[in-house]
> 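Sharing a structure, written as structure tokens. Questions coming.
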Amino acid sequence: MRAVSPSTMKQIDRRAIEVYGVPGIVLMENASRAVAVAVKQKIEEICGKRKSPGKVAVVCGKGNNGG
């Protein structure tokens with residue numbers, strides 16, 4: 001996995017929207033789905049076979065992708 005700076009990510013998003021015609025909402029949906037899958041995998045890794053992980057807190061910053 002590679003991390004990019006916020007300014008680079010803005011450029012990538014802008015290119016996806018303007019050049020490739022991907023709607024911004026689709027980018028957000030894909031990002032949220034990927035986060036949900038990663039969180040689910042981590043919970044399963046930590047909790048094993050228990051049915052409920054108990055409480056889970058989700059924290060996000062005030063940035064543009066907080067949606």
> Tell me whether I17 is reachable from V26 by hopping between hydrophobic residues (I, L, V, M, F, W, Y) whose side-chain heavy atoms are closer than 4.5 Å.
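Yes, it is one cluster - the side chains of V26 and I17 are joined through contacts under 4.5 Å.
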
> Quick one: which residue pairs count as a side-chain hydrogen bond (donor to acceptor under 3.5 Å, both in side chains) with a foot in residues 20-31, not counting sequence neighbours?
N30-R33

> Please check: side-chain N/O of T8 versus main-chain N/O of V4, any donor-acceptor pairing under 3.5 Å?
no

> Report the distance from atom CD1 of I12 to atom CG of L27, rounding to the nearest 0.5 Å.
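That separation rounds to 10.5 Å.
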
> List for me each residue that meets side-chain contact (heavy atoms from CB on, under 4.5 Å) alongside V39, sequence neighbours excluded, and say none if there are none.
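side-chain contact (heavy atoms from CB on, under 4.5 Å) check on V39 returns V35, I43.
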
> If you group Ile, Leu, Val, Met, Phe, Trp and Tyr whenever their side-chain heavy atoms sit less than 4.5 Å apart, what else falls in with V37?
none

> Can you name the residues that form a salt bridge (charged side-chain N to carboxylate O under 4.0 Å, His left out) with E18, not counting sequence neighbours?
none

> Residues two or more places apart in sequence or in another chain: which of them pass side-chain contact (heavy atoms from CB on, under 4.5 Å) with K42?
E45, I46

> The criterion is side-chain contact (heavy atoms from CB on, under 4.5 Å); which residues satisfy it with S7, sequence neighbours excluded?
S5

> What residue among R15, Q11, M9, K10 forms side chain to side chain contact (heavy atoms under 4.5 Å, CB included) with D13?
M9

